[in-house]
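Heavy-atom basis, side chains included; hydrogens, waters and symmetry copies ignored. Just so it is clear, the structure is predicted and the values come from calculations on it, not from any experiment.
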Amino acid sequence: MSREMSREAAAPADAVASPGGADQDEKVRKVELAISSLLRIGVLSSLLIVLAGTVVTFVHHPHYLSNRHDLGPLTKPGAEFPHTLGSLVQGLQHGQGRAIVMAGLLLLIATPVMRVAFSVLAFVYQHDRVFVVITSIVLTLLLVSFVLGRGGG
Amino acid sequence: MTPLLFTVLVFAISVSAGLLGSLLGLGGGIIVVPALTLLLHIDIRFAIGASIVSVIATSSGAAAAYVRDGMTNLRVAMYLEMGTTAGALSGAYLAGVIPVRSLYVIFGVVMGYSALAMFRKRHAELALAVVPADGLADRLALHSSYVDEAAGREIEYRVTGSRIGMGLMYVAGVVSGLLGIGSGALKVPAMDLAMRLPIKVSTATSNFMIGVTAAASAGVYFARGQVDPFVAGPVAMGVLTGALGGSKLLGRLQSSLIRKVFVAVLLWVSLEMLLKGVR
């Protein structure tokens, strides 16, 4: 009974008195805006890289504009394109259009991971220990998944 | 079909998928995969590889706008991401064990259920003011508020069911890892119905979380050689374009309209899934 009451009493107090009050709200807002621009920059730059790679692909292969037999080898199973970091770097050195597209796609994949890493720092900045732990767990799980992917892939 | 025409068609399909996806809190993969395989006869493995990338594109593109507008509940998102990433990991592991056929059936049933549950609540425009007390939600300070453009005022809301929500997010993560989709269709109802977040906040927060869930599986698809740049490139560009447009529309639409469209899409997709599993 008394536990129930104390919980009810504690809830509104928590909601109103987020430690630091208006100061804390401003910090939260700053972090929100930083995350928003991080996502925007990651997305827009990967979009531009993918677009550039697509243009380079068509410039290098002008017959792609008219030859209908070129499509199969590009999109059917067995199509050749970089799918390891090594072959990606090699393709980039040769200025290969599809390697540039792939680099853009990898940047896109990395964007949410960078966002989580940034969130860890943001919660440190807000002195929110519980959420530092929570976001660190998420980041660890993400990194583990990439390691597992390489092993299992 | 010439490679140029192919690129243009894939781009156009992806713009529509991104627009619809960001409005509904889905990753768009659910629209991209059937469109690529059925209309353009692309290998399903390449379609899924492109889908997972498009899922990240939708999420990050729309999330940037929602976060700036204060629609996303970042604390709820970070808390629930523990469940979705753990789930995605388990899903990637399970992918080799469970027959894909039975997955489709499970998926169809779950989606059909969420569609019906949302349909029952279709007239609710705003979240209920009184929600059951949740000690964990209090301690993590998950309660928040957002400015509703359609209603023209700031709406405060309280969060409940944080434990059930976490469990449902784990399931959503497993489905995502297994099928290569963002599984926003499972995330939105979990937040909307179980945790009582307003539908617009649920949609925005789901979008935000989907990218992280998808990133957990995307590396695997890349290493397996399922991300074909010639397919995934135009898909990513198209979905990004569509998602940016969709996030501009969301604030202005009525919540009940979003809900009705969402229910229709859910029912259609669940039927497709069931058919694929039974056939």
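With a threshold of 4.5 angstrom between heavy atoms, L36(B) does not approach chain A through any atom at all. For T213(B), no part lies under 4.5 angstrom from a heavy atom of chain A. Both the backbone and the side chain of L51(A) have a heavy atom closer than 4.5 Å to some heavy atom of chain B. Contact annotation for I52(B): neither backbone nor side-chain heavy atoms come within less than 4.5 Å of a heavy atom of chain A.
Within residues 53-61 of chain A, the residues having any heavy atom less than 4.5 Å from a heavy atom of chain B are, in residue-number order, T54(A), T57(A), F58(A).
How far CG of L142(A) is from CD of E81(B): 8.0 Å, rounded to the nearest 0.5 Å. To the nearest 0.5 Å, the span separating OG on S119(A) from CZ on R75(B) amounts to 11.5 Å. A distance of 11.5 Å separates OG1 in T135(A) from CG in L74(B), rounded to the nearest 0.5 Å. R40(A) contributes atom CZ, which lies 11.5 Å from atom OG of S60(B) (distance to the nearest 0.5 angstrom). Rounded to the nearest 0.5 angstrom, L4(B) CG and Y64(A) OH are separated by 12.0 Å. To the nearest 0.5 Å, atom CG of residue D69(B) and atom OG of residue S36(A) are 8.0 Å apart.
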Could you pull out every donor-acceptor pair under 3.5 Å between side chains of residues 93-108 of chain A and any protein atom, sequence neighbours left out?
from: H94(A); atom 1: ND1; to: Q90(A); atom 2: O; distance (Å): 2.9
from: R98(A); atom 1: NH1; to: E80(A); atom 2: O; distance (Å): 2.8

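Looking at heavy atoms from C-beta onward, T2(B) lies out of side-chain contact with L71(A) at the 4.5 angstrom threshold. Side-chain atoms of V227(B) and F81(A), non-hydrogen and from C-beta on, never get closer than 4.5 Å to each other.
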### Message
side-chain contact (heavy atoms from CB on, under 4.5 Å), that's the test. Do M78(B) and V138(A) meet it? Break it down for me.
### Response
CA-CA 8 Å; M78(B) 311 275 180; V138(A) 174; 6.0 Å; no
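When every heavy atom of V212(B) is checked against every heavy atom of R115(A), the shortest pair comes out as CG2-NH2, 3.0 Å. Of all the heavy atoms in E32(A) and T72(B), the pair that sits closest is OE2-O, 4.5 Å.
With chain B as the partner, the residue from L38(A), V130(A), D128(A), L33(A) showing the most heavy-atom pairs under 4.5 Å is D128(A). Looking only at heavy-atom pairs under 4.5 Å with chain B, the residue among I35(A), I134(A), V50(A), L44(A) that has the most is I134(A).
Other residues, nucleotides and ligands place no more than 12 heavy atoms under 6.0 Å from the CZ atom of R163(B).
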